[in-house]
Each structure stands twice: as C-alpha cells, then as structure tokens.
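What follows is one structure encoded as structure tokens, with my remarks underneath.
Quick note on labels: first sequence line is chain A, next is B, and so on, each numbered from 1. Small disclaimer: the values here were computed from a predicted structure and weren't measured.
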2 protein chains.
Amino acid sequence: MPPETPLTPDRILEATEEVLRRYGPAKATVVDVARALGVSHGSVYRHFRTKAALREAVTERWLDQAHDQLSAISRAGAPAAERLRDWLSALFAAKRRKAGDDPELFATYLALAAENSATVARHIETMTGQLATIVESGVARGEFAPRDAHRTARALWDATGRFHDPVYAAEWSDPQVETAFGAVCDLLLNGLRAQAVP
Amino acid sequence: MPPETPLTPDRILEATEEVLRRYGPAKATVVDVARALGVSHGSVYRHFRTKAALREAVTERWLDQAHDQLSAISRAGAPAAERLRDWLSALFAAKRRKAGDDPELFATYLALAAENSATVARHIETMTGQLATIVESGVARGEFAPRDAHRTARALWDATGRFHDPVYAAEWSDPQVETAFGAVCDLLLNGLRAQAVP
DNA sequence: GCACTGACAGATATTGAAATCTGTCAGTGC
DNA sequence: GCACTGACAGATTTCAATATCTGTCAGTGC
C-alpha cells in the first residue's frame, strides 16, 4: 500500500532524532526508526546507504543549529572586542544550556559527534571562520593589532575549549566556571588589543 | 613462612604499576598484584584499605613525577615570559612524549585519572601554583601588568588545556598542533604583557 | 603479638548460546 | 517503472550461567 505521506530524508531524520532521544545512541536501531515511521527498515536504506550515514546526517543537522545565532553576532556592527566577547559568551551559554537542560540528550549527541569527527571538523571550521571574521574586522578598524586572522581565530577557539568542548560539560555546572571563563576572555582580549605578535 | 623482603606499600605500588602495565586498567586485579608479589591478596589489604585506594596511590605517584622538572623551570632566573613559554612547552612535550611512546600505558593512566578526580584536582592546583609563581615574579619585575596571579594562572591553565589535557591526546600527533600551540602561547603572552585588565 | 594466609559471602566480570540487528535484493502491488 | 516489503546471511548484542574478584576475618606459624 502507498504511504499517506511520502517517505523523505527529512522525515527519516526527524524520526531518527526521536528514536535517539528515546533509546539513546547505543540502543537506537534502524529497525526502530522504520517502526516509528511505519515502514520496513529496507525503505530507510533507500534514502541512507548505511546506519552510519543516517547518524552522520543527524549529527550535521544538530551542529548546524548552532551556526545561525552566532553568525548574526559575528557580523553585527558593534566593536570587535565586544562582538568577540558576546560571541564566545553566546556559544558558552548555548552549550551550557543544552548540557544542563537535558543531559541525556546532550550525551547522545556527544556520542554521535565522537563517531563523526569529519562532520565535527567541518563544524569547527565554520565556527573559526566566524571568529576570523570578527578578528579581521577588528584589525581593519584598528581595534586589534594586525595579525593572521585565521591563525588567531584558531587560537581563540583552542584557548576557549574548556567552555565549548562537550568533553568538559560536567564542569559547566560548577559556579566557578563563569569566573574562569571571564579570566580567559580578559586575557585573550588583552592579547588581541596589544601590539602585534612579532 | 616469613617473606624474604618485607611487604611495604612501595613494593605493592611497584607491583601494581607492573600489573596495570601488563593487563591494563580493566583487567588488573588485587589478586594479580598479590600473585606478582608472591603473597596472598589478604596481605595487600593490610596496606591499602580498598582496591580504589591502591589505584589512587598509583595515580598520585604518577602525577607527582610531572611536578619536579616543571618546578625547576618555574623557579629559574630567566625572564618570566621566557619561563612561562618554557614551562608550557615542557609540559606539552612531556605529555606528548608519554602519549606517543606508549599509548596503551597512557590510556591506562588516563583511566586511573578519570576515577580519581580529587587526586587530579590536587595535581592541577600544584600546577597552577607553579604558573602563579611565574606570573607573580613577572609582575614583580615589571614584565607583566599587575594582576591577580592565581586567577591568571588558572586562566593560563584553562586556555592551554588542549595541549596538556589527556582527553586531547589523540590530536597531539597531528603535525599542525605545534603551530596551534605557538598561536595560543603568543596570544596569551601578549595578553600578559599588555596593560592591566580593568 | 605480629605478619600473613585462605576460606567465605556478596559483587562483578566472562562466556557462549540465543536473539536481534545491519545491509542486500528479489519480489509485490500499484 | 517506482516505492516499498520482507526474508535472508553474516555481524553484533543480549542474557543467564558460570567463574572470578573484592573485602573480611578467624586461624596459623613464628
């Protein structure tokens, strides 16, 4: 019998998210996804070549959500130092909220991220690209000393890892972490404002 | 029969390290340690109340090794900026060497560290204490702008996490990581030299 | 008395047979 | 022709039995 709604990659991804949410990354199976959609698992394989590809697509979708809000900050008109602090704060706040609101779901996506390092690497490139935009405009306006924007963006990303890398999620509920974040931001912003690195 | 050599905590720790090295953290048992020492496992429990206490003692011993070399650098007479860079480089090099030379042993100690967070926290306090010493002397000599040495030391530790936290060990074999380390160091040292954070 | 042993109970880990899952593909129905 | 099904082989996971381990303590020998 033909389905009421056609089976699309998007509907499959939605069902996969739901199944992952309900069963967790270890127990979620393609059969579960098919069952949730009321189709046979063979049909799922018509749209995603492997279970890994399906999970990768879900991972990508999840990571892409993070881009939008931050992208707006990176291209705003405020002074670069302010935009940079806002951007890093927004990233930290978003991650911390997700980790705190639903730790299980966060752990699920952490597991997905761990098995899709290439997708994560692409996500990080997008993120450091936004940081580079801020640094570049700061240099152009004379706020920051001239420097290699991409190298600096990567350094900013690396140096703030404790406040966005999910492996540290357990520490984000510690009240002192806000202070630590402030201290690192101060140091980094100070470093940008100072005279150029030789 | 009385043993040829008396059973001491130190001998037990040595045997435990050997057993951990041979069997890994998941398979190493107290019975294995006792067997390696030629005693009954009951004897081991006369010196360490639980298996967890034994593993914690091994963890502490391992972490303490790291202190000595770095401590010398932190108290040397060189300019603070140079000492700081040397200290961070030495820490990174030591960790990277350990991770690269014997990944299995490194993974073993990583597992031990994960189950002894209080011991690790004490280790980190010692480390940031050494960083604070460098910062303090840099401020005293006028190399660095005045600042809270401990807060700054913690920020330096946090910001360089990617280059000493074992969770990132897999990335340390990437040739680009040296560049990334240099970029973060440049930014941080620049931040210290610049005028004080308000 | 002292350092050690070894048997024990309850907790944890291992193992292998049974169940489930992944990925394929010939077949079904429209 | 097209979207989907469902049976299948091989891979993986589950589960319960079996074995091993942890931590205790009364007992042994010096």
Side-chain angles (χ1 to χ4, degrees), chain A residues 1-60 104 107-108 111-112 114-116 118-119, chain B residues 1-60 104 107-108 110-112 114-116 119:
Chain A
M1 84 193 113
E4 312 163 25
T5 328
L7 190 59
T8 61
D10 253 20
R11 281 190 62 222
I12 295 175
L13 288 178
E14 239 163 89
T16 306
E17 278 192 21
E18 175 57 25
V19 168
L20 280 166
R21 197 185 308 271
R22 195 192 306 267
Y23 299 110
K27 298 271 183 70
T29 72
V30 177
V31 172
D32 290 330
V33 173
R35 197 174 10 245
L37 289 162
V39 300
S40 79
H41 74 281
S43 300
V44 174
Y45 280 99
R46 307 197 102 263
H47 296 275
F48 294 91
R49 269 190 21 266
T50 63
K51 182 189 184 183
L54 178 56
R55 289 164 76 109
E56 188 181 335
V58 171
T59 307
E60 196 158 15
E104 266 187 65
T108 293
L112 287 189
E115 68 192 36
N116 292 289
T119 302
Chain B
M1 86 193 112
E4 311 163 27
T5 327
L7 190 60
T8 61
D10 253 19
R11 283 190 61 221
I12 295 174
L13 288 178
E14 239 163 88
T16 306
E17 276 191 22
E18 176 56 25
V19 167
L20 281 166
R21 196 185 308 271
R22 195 191 305 267
Y23 300 109
K27 297 270 184 73
T29 72
V30 177
V31 172
D32 290 330
V33 173
R35 197 174 10 245
L37 289 162
V39 299
S40 77
H41 74 281
S43 299
V44 173
Y45 280 99
R46 306 198 101 262
H47 295 275
F48 294 93
R49 267 187 27 263
T50 64
K51 183 189 186 182
L54 177 57
R55 289 164 76 109
E56 188 184 335
V58 171
T59 307
E60 197 158 15
E104 265 187 65
T108 293
L110 179 51
L112 288 189
E115 69 192 35
N116 292 289
T119 302

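With A:Arg49 contributing its side chain and A:Leu54 its backbone, the two residues share no donor-acceptor pair below 3.5 Å.
Of all the heavy atoms in B:Tyr23 and B:Ala28, the pair that sits closest is CB-N, 4.1 Å. Heavy-atom minimum distance, A:Val58 versus A:Thr16: CG2-CG2, 3.7 Å. Heavy-atom minimum distance, A:Leu20 versus A:Pro25: CD2-CA, 3.8 Å. When every heavy atom of B:His47 is checked against every heavy atom of B:Pro9, the shortest pair comes out as ND1-CD, 3.7 Å.
For the pair A:Leu37 CG and D:dA3 C1', the computed distance is 14 Å after rounding to whole Å. Rounded to whole angstrom, the span from the CG atom of A:Leu54 across to the P atom of C:dC21 amounts to 15 Å. To the nearest angstrom, P of C:dG27 lies 16 Å from CZ of A:Arg46.
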Please tabulate, one pair per line, each protein N/O and nucleotide N/O from nucleotides 18-24 of chain D that are separated by under 3.5 Å, including the distance.
from, atom 1, to, atom 2, distance (Å)
D:dT22, OP1, B:Val30, N, 3.1
D:dT22, OP1, B:Lys51, NZ, 3.2
D:dT22, OP2, B:Val30, N, 3.1
D:dT22, OP2, B:Val31, N, 3.3
D:dG23, OP2, B:Tyr45, OH, 2.9
D:dG23, OP2, B:Lys51, N, 2.6
D:dG23, N7, B:His41, NE2, 3.3
D:dG23, O6, B:His41, NE2, 3.0

Original post:
Can you give the dot-bracket line for DNA chain C, where a pair is Watson-Crick or G-U wobble with both atom distances under 3.5 Å, crossing pairs use [ ], and | marks a partner on another strand?
Top reply: ||||||||||||||||||||||||||||||

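Checking the phosphate oxygens (OP1, OP2) of D:dT5, a side-chain nitrogen or oxygen of A:Ser43 falls inside 4.0 Å.
By the 4.5 Å heavy-atom criterion applied to side chains, A:Asp32 and A:Arg35 are counted as neighbours.
Applying the salt bridge (charged side-chain N to carboxylate O under 4.0 Å, His left out) criterion to B:Glu56, with sequence neighbours excluded, gives B:Arg122.
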**OP:** Walk me through it: do A:Leu37 and A:Arg11 pass the test side-chain contact (heavy atoms from CB on, under 4.5 Å)?
**Re:** CA-CA 8 Å; A:Leu37 289 162; A:Arg11 281 190 62 222; 3.8 Å; yes

